[in-house]
Each structure stands twice: as C-alpha cells, then as structure tokens.
Novice: 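Please read through the structure below; I'll follow up with questions.
Residue numbers run from 1 in the order of the sequence given.
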Amino acid sequence: MSRLSPQRPGAQRAEAFLQAFLRRCTPHMSQRAREDQLQRKAVVLEYFTRRRGREPRRRARGLSARQRRALRLFDIKPEQQRYDLFLPLHELWKQYIRDLCNGLRPDTQPQAIQAKLLKADLHGAIVSVTKSKCPSYVGVTGILLQETKHVFKIITKEDRLKVIPKLGCVFSVETDGFVSYIHGSKFQLRSSERSAKKFKAKGTVDL
C-alpha cells in the first residue's frame with residue numbers, strides 16, 4: 001500500500017494561497033510573528049442586547065363625530081331616498097315590536113306597550129308629527145330612517161327626506177292599532193342611551 005500524504009493536494013493549494021495572502025496583507029510582519037499571531041486563541045466576549053421595554057399598545061381610535069360628518073358616512077344618497085325601499089325595514093320593525101311586547105293582543109295594556117316603545121329602537125317605525133311649534137311640521141308622516149340626539153330623519157311617501165327636530169314636537173307611533181305619543185322634548189337622547197334611561201311615569205308621553 002502506498003503511503004498517503006498528510007494533506008490532500010487541494011488542502012495544500014488552499015494553505016499556499018492563504019500564506020501568500022497573509023504575506024501580502026502583512027508585509028511588515030515576519031513569518032514567525034505571523035504564525036505566532038495565528039496560533040493565539042480568540043476569546044469571544046458575550047454580547048448582551050439591550051432589551052427594549054414593551055411599548056404600550058396604541059388603541060385604534062374610531063372616527064370622531066366631526067370626522068364622520070366630514071366624510072358624510074351617514075348621508076342617504078338622493079337615489080336611495082325612496083319610500084318603497086324602506087318598507088321591508090318597517091315590516092322588520094313591526095315584528096321586532098311584536099316580539100318585544102310578547103305579542104300585541106287586543107287586551108294588552110297600552111301602558112305596557114308605551115313603556116317598551118320608550119326604550120325600543122324606532123328605526124323603521126312609521127312616525128307622524130301630531131303637534132309642533134312649527135306648523136309646517138304638523139302632519140309629516142314617514143318611516144324613521146335615522147335618529148340622533150336632537151332630530152328624527154323621516155322618509156315620506158312622496159320620497160322626501162324630512163329632518164324633524166325633537167324639541168317642540170309631539171310624535172305618534174302606530175303599532176298594530178296601538179297608537180303612542182312621544183313628546184320630543186323628553187326624548188332628546190340617542191337610541192343607544194335610551195335603553196338605559198329611566199323615564200318618569202307621568203309627564204313623558206300621553207296616550
């Protein structure tokens with residue numbers, strides 16, 4: 001068997017290239033100093049990264065009322081201001097009130113229905129203005145599309161969108177033959193706030 005060389009030809013060429021490269025890079029060093037430098041052990045110091053404190057998560061803030069108005073998010077487009085488009089909404093509202101009042105029977109007490117209506121969502125109800133300090137509002141009837149703290153937005157059978165202020169007006173709401181009257185001055189709340197409000201037994205509405 002032939003004796004194997006301690007290094008393969010490829011390793012010899014690599015070492016020769018490395019030595020030549022070191023001589024070119026360190027011409028001022030002697031071969032002994034160069035080998036002594038290479039024989040030293042390198043000490044790697046541990047490096048600790050600085051931990052960043054957790055930044056508080058910023059909660060996504062919704063749009064303000066002013067921004068919503070500027071974007072006109074709740075505006076009803078003219079081509080959508082049609083009474084017949086919202087008749088299905090009215091049918092849904094009637095079923096919602098029937099379920100809320102456990103059925104509207106002839107022997108149901110009007111006061112019980114009134115108490116439910118005061119806290120119910122009125123979007124989809126047919127609302128009429130029976131009294132008002134402004135005579136032009138009296139007689140306006142339509143499906144309630146939007147309610148804010150101070151106004152009702154109603155679409156009439158003539159496909160006209162009317163904005164009626166609550167203050168100074170009395171409204172009537174008819175449900176399966178039951179008619180309830182709402183004093184707008186006592187009703188100046190958002191629909192979401194009304195569900196938690198305690199209404200006075202007297203002086204709020206008249207039946």
Side-chain angles (χ1 to χ4, degrees), residues 62-69 71-78 80-132 137-207:
L63 297 175
S64 65
R66 180 177 297 178
Q67 290 172 326
R68 289 195 295 268
R69 287 194 297 269
L71 294 173
R72 307 175 72 89
L73 295 179
F74 300 111
D75 287 4
I76 301 174
K77 297 179 180 179
Q80 297 174 343
Q81 296 177 14
R82 292 169 48 195
Y83 183 84
D84 60 331
L85 288 179
F86 298 97
L87 285 174
L89 175 64
H90 174 59
E91 294 300 322
L92 288 174
W93 180 83
K94 287 197 298 183
Q95 187 58 49
Y96 155 67
I97 293 299
R98 293 187 190 110
D99 296 340
L100 186 65
C101 299
N102 299 318
L104 294 173
R105 300 180 301 274
D107 59 343
T108 304
Q109 293 296 323
Q111 292 82 358
I113 300 175
Q114 184 67 52
K116 296 288 187 179
L117 282 176
L118 287 175
K119 296 189 176 185
D121 191 331
L122 298 179
H123 291 89
I126 292 182
V127 177
S128 299
V129 182
T130 56
K131 295 180 182 179
S132 176
Y137 291 141
V138 177
V140 175
T141 302
I143 299 174
L144 178 62
L145 300 186
Q146 292 178 342
E147 178 187 358
T148 66
K149 185 175 181 179
H150 299 292
V151 301
F152 284 139
K153 293 185 179 181
I154 299 171
I155 186 73
T156 67
K157 290 184 178 181
E158 295 76 27
D159 296 336
R160 294 182 179 178
L161 186 66
K162 298 286 187 179
V163 181
I164 312 297
K166 294 180 180 179
L167 185 63
C169 292
V170 178
F171 303 89
S172 65
V173 181
E174 188 273 334
T175 312
D176 289 351
F178 293 92
V179 181
S180 301
Y181 295 92
I182 299 173
H183 286 252
S185 59
K186 305 292 184 179
F187 216 64
Q188 295 189 88
L189 295 166
R190 296 180 179 90
S191 57
S192 58
E193 299 172 349
R194 200 169 59 243
S195 60
K197 181 177 175 57
K198 293 182 179 180
F199 290 93
K200 294 180 180 179
K202 295 182 180 179
T204 302
V205 290
D206 296 327
L207 296 178

Novice: Quick check: closest heavy atoms across Ser128 and Thr141, and the distance to 0.1 Å?
Specialist: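 Minimum heavy-atom contact is OG-OG1, 2.9 Å.
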Novice: Taking Ser132 for the side chain and Thr130 for the main chain, is one N or O donor matched with an acceptor at less than 3.5 Å?
Specialist: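 Side chain of Ser132 to backbone of Thr130: no pair is present.
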Novice: Identify which one of Asp121, Val173, Asp176, Leu117 satisfies the side chain to side chain contact (heavy atoms under 4.5 Å, CB included) criterion when paired with Ile97.
Specialist: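 The residue from Asp121, Val173, Asp176, Leu117 that satisfies side chain to side chain contact (heavy atoms under 4.5 Å, CB included) with Ile97 turns out to be Leu117.
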Novice: Hey, does Glu174 have a side-chain heavy atom less than 4.5 Å from the side chain of Ile126?
Specialist: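 No - every pair of side-chain heavy atoms lies 4.5 Å or more apart.
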Novice: Rounded to the nearest 0.5 Å, how far apart are OG1 of Thr148 and NZ of Lys153?
Specialist: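 Between Thr148 OG1 and Lys153 NZ, I get 7.0 Å after rounding to 0.5 Å.
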Novice: Atom CD1 of Ile155 and atom CG of Leu144: how far apart are they, to the nearest 0.5 Å?
Specialist: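 The CG atom of Leu144 is 11.5 Å from CD1 of Ile155, to the nearest 0.5 Å.
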Novice: Any non-hydrogen side-chain atom of Leu122 less than 4.5 Å from a side-chain atom of Val127?
Specialist: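 Leu122 vs Val127: side chains apart.
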Novice: Do His150 and Gln188 come within less than 4.5 Å of each other through their side chains, counting heavy atoms only?
Specialist: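 His150 reaches Gln188 side chain to side chain.
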Novice: Quick check: closest heavy atoms across Glu147 and Lys166, and the distance to 0.1 Å?
Specialist: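 So the minimum-distance heavy-atom pair works out to OE2-NZ, 2.9 Å.
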Novice: Looking at every heavy atom in both Phe171 and Gly184, which two are closest together, and how far apart are they?
Specialist: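 In this case the closest contact between Phe171 and Gly184 is CE1-CA, 4.2 Å.
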Novice: When rounded to the nearest 0.5 angstrom, what is the spacing between OH in Tyr83 and CD in Glu158?
Specialist: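 Reported to 0.5 Å precision, the distance equals 9.5 Å.
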Novice: Less than 4.5 Å apart, side chain to side chain, heavy atoms only: is that true for Lys94 and His90?
Specialist: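 SC-SC contact between Lys94 and His90 confirmed.
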Novice: State, with a plain yes or no, whether a side-chain heavy atom of Trp93 is found less than 4.5 Å away from one of Thr175.
Specialist: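 Yes, close enough: below the 4.5 Å cut-off.
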Novice: Rounded to the nearest 0.5 Å, how far apart are CD1 of Ile154 and CZ of Phe86?
Specialist: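 The CZ atom of Phe86 is 13.0 Å from CD1 of Ile154, to the nearest 0.5 Å.
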Novice: Can you tell me how far apart NE2 (His183) and NZ (Lys131) are? Round to the nearest 0.5 Å.
Specialist: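 Rounded to the nearest 0.5 Å, the NE2-NZ separation comes out at 7.0 Å.
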Novice: Please give me the minimum heavy-atom distance between Leu167 and Ser185, naming the atom from each residue.
Specialist: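 Reported closest heavy-atom pair: CD1-CB, 3.9 Å.
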Novice: Heavy atoms only: give me the nearest Ser172-Val179 pair and the separation to one decimal.
Specialist: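 Smallest interatomic distance, heavy atoms only, reads CB-CG1, 4.1 Å.
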Novice: Count the heavy atoms of every other residue, nucleotide or ligand shown that sit under 6.0 Å from CZ of Arg98, and state whether that count exceeds 12.
Specialist: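 Counting other residues, nucleotides and ligands, CZ of Arg98 exceeds 12 neighbours.
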Novice: Do Leu118 and Phe187 have side chains that approach each other closer than 4.5 Å (heavy atoms only, starting at C-beta)?
Specialist: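 In contact.
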Novice: Tell me if a side-chain donor or acceptor on Gln81 pairs with a main-chain N or O of Ile76 at a distance below 3.5 Å.
Specialist: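 A pair under 3.5 Å: yes.
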